Visitor: 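Just passing along the structure, written as structure tokens.
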Amino acid sequence: MGSINQAPRVIQSEETPYFTPANNGGAALNPADPDTPTLFRPLQIRDVILKNRVVVSPMCMYSAESDPSSPFLGALTDYHIAHLGQFALKGAGLVFVEAQAVQPNGRISPNDVGLWDHSPESEQFKSLQRIVRFCHSQGAKVAVQLAHAGRKASVVPPWVAAEAKKPAIIAEEDVGGWPSNVVGPSGGVDHTWGLGYCTPRALSVEEIQELVQAFARSAEAAVRAGVDVIEIHAAHGYLLNQFLSPVTNQRTDAYGGSFENRTRMLREVLTAIRAVIPSGTPLFLRISATEWLDGQAVAAESGSWTMESSLKLLPLLPELGVDLLDVSSGGNHKDQKINLHTNYHIDLASEVRKAIRAADAKTLVGAVGFITQAEQAQGLVQGADEAHAANATVSGPEPVADLVFMARQFMREPEWVMNAAKKLGAKVDVPVQFRRAI
């Protein structure tokens with residue numbers, strides 16, 4: 001006869017230095033069941049297995065220490081544990097830490113996080129490791145988005161500007177900013193992003209090469225901290241996007257001019273990262289598929305980055321070791337004219353995926369933007385595995401993506417994964433602490 005005082009049968013997570021039950025919320029109980037929607041089936045990318053296809057996109061929180069003399073400068077905080085931890089607890093397959101700057105002057109604001117201090121004893125490293133350990137204890141994988149803001153750097157957090165009823169406000173040195181060290185592929189007043197932004201100076205070739213290595217060192221440090229996936233941010237008008245576009249890149253050296261030259265820095269960054277991270281670590285790339293400048297005077301003068309440019313980039317990705325293209329758009333010029341509707345990013349992802357499949361390539365695609373409903377997300381990825389396996393279109397609508405990336409919807413509805421499983425009739429695991437409620 002068993003003792004009524006026997007210890008509860010709870011499996012402790014090995015990921016945290018304190019007692020935490022090992023959870024796997026949002027994972028399908030029967031993933032091989034044909035009735036399980038693709039959205040809730042595991043996906044293996046290199047050596048990493050995601051329990052479902054739901055990704056929490058990077059979201060800048062502007063909530064880090066800004067004092068340059070503080071050891072906590074650029075480090076993740078308790079706020080980030082609460083913010084990101086809830087998504088892991090409630091079932092997301094992959095949780096992105098917000099964009100992390102690879103150099104101090106690569107932050108958007110002084111309150112951004114970064115990963116330029118690679119020492120295991122640094123607060124940047126330890127805080128990232130803490131996030132990773134908790135998310136892993138909940139069965140979620142963790143990704144970092146490595147970035148450099150370029151000419152969009154050294155502004156105050158956006159809500160500070162909004163409260164002052166201004167589009168942006170330069171962060172001066174007295175609030176931790178670096179207005180004299182804002183950089184871009186090209187410099188001068190004509191390359192200022194807009195009202196309330198700093199005038200950038202052009203990077204030297206030596207600085208470009210140092211930046212390439214900064215991306216690589218940050219990627220290597222992230223992997224040491226336990227991060228599962230690395231993404232490079234080359235979208236939304238930040239530095240790598242600025243190099244890709246002839247609108248913002250008017251250099252006349254090896255890093256400007258032709259398509260080959262304008263993509264050189266990105267190619268060097270990806271190559272350097274792939275060389276220092278394990279072969280089993282997935283590498284993602286976020287791009288702006290188009291600048292939305294067709295028909296604008298600035299594009300007529302210099303040309304612009306268009307969907308055709310993105311399609312020209314696609315064949316280079318496999319040899320650069322890129323596993324997934326995270327498809328977004330815009331953000332590089334004030335004259336952009338977006339035909340705004342709920343599917344405007346999704347349509348771009350669909351076009352990219354069709355081109356990849358037509359070339360018989362294996363690059364995966366992530367869809368992002370205005371994804372809010374369970375049925376909508378399911379429709380974007382349903383049948384993606386079968387289409388890849390058969391190298392053919394499955395019955396019904398062709399899949400648009402392999403993963404769905406969501407950001408603001410998770411801010412509105414942190415329990416989105418659990419709610420989506422219920423709506424779609426998918427039987428999924430639930431955190432042990434939540435079982436009385438779900």
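Keep in mind that the numbers below use all heavy atoms, side chains included, and drop hydrogens, waters and symmetry copies. Along the sequence shown, the residues carry numbers beginning at 1. Not measured: the values here are computed from a predicted model.
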Visitor: Can the positive tip of Lys312 be found less than 6.0 Å from the middle of the six-membered ring of Phe259, inside 45° of the ring normal?
Guide: yes

Visitor: Looking only at heavy atoms, which two atoms of Phe405 and Leu403 are closest? And how far apart?
Guide: CE1-CB, 3.9 Å

Visitor: Tell me whether Asp78 is salt-bridged to Arg130, with the criterion being a basic N under 4.0 Å from an acidic carboxylate O.
Guide: yes

Visitor: Within the supplied structure, the quantity of interest is the number of heavy atoms (other residues, nucleotides, ligands) at a distance under 6.0 Å from Lys166 NZ; does it exceed 12?
Guide: no

Visitor: Is there a side-chain contact between Ile232 and Phe215 in this structure, where contact means two heavy atoms from C-beta onward sitting under 4.5 Å apart?
Guide: yes

Visitor: With no hydrogens and no angle check, just 3.5 Å: does a side-chain donor-acceptor pair link Asp67 and Ser69?
Guide: yes

Visitor: Using the side chain to side chain contact (heavy atoms under 4.5 Å, CB included) rule, take Phe370 and Leu340 through it: C-alpha gap first, then chi angles, then the decisive distance, then the call.
Guide: CA-CA 11 Å; Phe370 295 106; Leu340 193 62; 4.2 Å; yes

Visitor: Indicate yes or no for a side-chain donor-acceptor contact from Thr38 to the backbone of Gly383 under 3.5 Å, with no hydrogens or angles considered.
Guide: yes

Visitor: For His345 and Ser329, test the side chains for any donor-to-acceptor distance below 3.5 angstrom and give the result as yes or no.
Guide: yes

Visitor: Counting only N and O atoms by type, is there a donor-acceptor contact under 3.5 Å from the side chain of Asp228 to the main-chain atoms of Lys141?
Guide: no

Visitor: Taking atom CZ of Arg224 as the centre, does the number of heavy atoms from other residues, nucleotides or ligands within less than 6.0 Å exceed 12?
Guide: yes

Visitor: What is the distance from atom CG of Asp323 to atom CG of Leu317, rounded to the nearest 0.5 Å?
Guide: 10.0 Å

Visitor: Please tell me if the side chains of Gln213 and Gln209 come closer than 4.5 Å, counting only heavy atoms from C-beta onward.
Guide: no

Visitor: Look at atom CD of Glu301 and say whether more than 12 heavy atoms of other residues, nucleotides or ligands are closer to it than 6.0 Å.
Guide: no

Visitor: Can any side-chain N or O of Ser122 pair as donor or acceptor with the backbone N or O of His118 at less than 3.5 Å?
Guide: no

Visitor: Is it true that Asp253 and Arg264 have a side-chain N and a carboxylate O under 4.0 angstrom from each other?
Guide: no

Visitor: Got a list of side-chain donor-acceptor pairs under 3.5 Å for residues 416-423, not counting sequence neighbours?
Guide:
from: Trp416; atom 1: NE1; to: Thr372; atom 2: O; distance (Å): 2.8
from: Asn419; atom 1: ND2; to: Glu413; atom 2: OE2; distance (Å): 2.7

Visitor: Verify whether one side chain among Ser350 and Asp347 offers a donor that lies under 3.5 Å from an acceptor in the other.
Guide: no

Visitor: Begin from the C-alpha positions of Phe96 and Glu231 and carry the test side chain to side chain contact (heavy atoms under 4.5 Å, CB included) through to its verdict.
Guide: CA-CA 9 Å; Phe96 264 90; Glu231 177 171 275; 3.6 Å; yes

Visitor: Once you measure the plane-to-plane angle for Tyr62 and Trp159, does it fall in the parallel (<30°), tilted (30-60°) or perpendicular (>60°) bin?
Guide: perpendicular

Visitor: Is the NZ or CZ atom of Lys337 both under 6.0 Å from the centre of the six-membered ring of Trp292 and within 45° of that ring's axis?
Guide: no

Visitor: Taking only Lys NZ, Arg NE, NH1 and NH2, and the carboxylate oxygens of Asp or Glu, determine whether Asp112 and Arg107 approach each other closer than 4.0 Å.
Guide: no

Visitor: Would Thr281 and Val227 count as a side chain to side chain contact (heavy atoms under 4.5 Å, CB included) here? Give the steps.
Guide: CA-CA 9 Å; Thr281 300; Val227 166; over 6 Å; no

Visitor: Determine whether Thr363 and Arg357 satisfy the following criterion, side-chain hydrogen bond (donor to acceptor under 3.5 Å, both in side chains), listing intermediate values before the conclusion.
Guide: CA-CA 9 Å; Thr363 310; Arg357 290 185 49 71; over 6 Å; no

Visitor: Between Ser137 and Thr16, does the side-chain hydrogen bond (donor to acceptor under 3.5 Å, both in side chains) criterion hold? Intermediate values first, please.
Guide: CA-CA 7 Å; Ser137 77; Thr16 58; 5.4 Å; no

Visitor: Between the side chains of Glu291 and Asn332, is a donor N or O closer than 3.5 angstrom to an acceptor N or O?
Guide: yes

Visitor: With a 4.5 Å heavy-atom cut-off, do Pro37 and Gln382 have their side chains touching?
Guide: yes

Visitor: Does any donor atom in the side chain of Thr248 or Arg262 lie under 3.5 Å from an acceptor atom in the other side chain?
Guide: no

Visitor: Indicate the atoms forming the closest heavy-atom contact of Ala234 with Leu244, along with that distance.
Guide: O-CD1, 4.1 Å

Visitor: In Å and rounded to the nearest 0.5 Å, what is the OG to CD distance from Ser310 to Glu351?
Guide: 9.0 Å

Visitor: Mind running side chain to side chain contact (heavy atoms under 4.5 Å, CB included) on Val182 and Lys152 for me, showing each step along the way?
Guide: CA-CA 8 Å; Val182 171; Lys152 288 187 170 184; over 6 Å; no

Visitor: After noting the C-alpha distance and the side-chain angles of Ser63 and His80, does the key distance pass the side-chain hydrogen bond (donor to acceptor under 3.5 Å, both in side chains) rule?
Guide: CA-CA 8 Å; Ser63 296; His80 297 96; 5.3 Å; no

Visitor: What are the two closest non-hydrogen atoms of Arg46 and Ser279, and how far apart are they?
Guide: NH1-O, 2.9 Å

Visitor: Please work out which of the three classes, parallel, tilted or perpendicular, describes the rings of Phe243 and Tyr255, given edges at 30° and 60°.
Guide: perpendicular

Visitor: Any donor-acceptor pair under 3.5 Å linking the side-chain atoms of Asn105 with those of His148?
Guide: yes

Visitor: Can you confirm whether Asn181 sits close enough to Arg201 that some side-chain heavy atom of one is under 4.5 Å from a side-chain heavy atom of the other?
Guide: yes

Visitor: In terms of ring plane angle, is the pair Tyr344 and His341 parallel, tilted or perpendicular, where the classes change at 30° and 60°?
Guide: perpendicular

Visitor: Is any side-chain heavy atom of Leu39 less than 4.5 Å from a side-chain heavy atom of Leu424?
Guide: yes

Visitor: Supply the atom-to-atom distance Gln145 CD to Leu285 CG, rounded to the nearest 0.5 angstrom.
Guide: 10.0 Å

Visitor: On a heavy-atom basis, which atom in Pro431 and which in Gly25 lie closest, and how many Å separate them?
Guide: CD-CA, 4.1 Å

Visitor: Is there a donor-acceptor pair closer than 3.5 Å between any side-chain N or O of Thr199 and the backbone N or O of Val189?
Guide: no

Visitor: Quick one: NE2 on His233 to OH on Tyr238, what's the gap to the nearest 0.5 Å?
Guide: 5.5 Å

Visitor: Here's a test for you: under side-chain contact (heavy atoms from CB on, under 4.5 Å), which of Pro104, Pro68, Pro110 qualifies with Trp178?
Guide: Pro110

Visitor: Once rounded to the nearest 0.5 Å, what's the spacing between atom CG of Leu203 and atom CD of Gln242?
Guide: 9.0 Å

Visitor: Within the distance-only criterion (no hydrogens, no angle test), does the side chain of Gln124 pair as donor or acceptor with the backbone N or O of Trp116 below 3.5 angstrom?
Guide: yes

Visitor: So which atom in Thr290 and which in Thr306 form the shortest heavy-atom distance, rounded to 0.1 Å?
Guide: OG1-CA, 4.0 Å

Visitor: Side-chain contact, heavy-atom cut-off 4.5 Å: Phe87 with Pro414?
Guide: yes

Visitor: Report the residue from Arg251, Met265, Gln250 that forms a side-chain contact (heavy atoms from CB on, under 4.5 Å) with Pro185.
Guide: Arg251

Visitor: State, yes or no, whether a side-chain contact exists between Ile230 and Leu146 at a heavy-atom distance under 4.5 Å.
Guide: yes

Visitor: Just wondering, do Leu128 and Leu76 contact through their side chains at under 4.5 Å, heavy atoms?
Guide: yes

Visitor: Which atom pair, heavy atoms only, marks the closest approach of Gln138 to Leu89?
Guide: OE1-CD1, 3.1 Å

Visitor: When rounded to the nearest 0.5 angstrom, what is the spacing between CG in Leu270 and CD in Glu319?
Guide: 11.0 Å

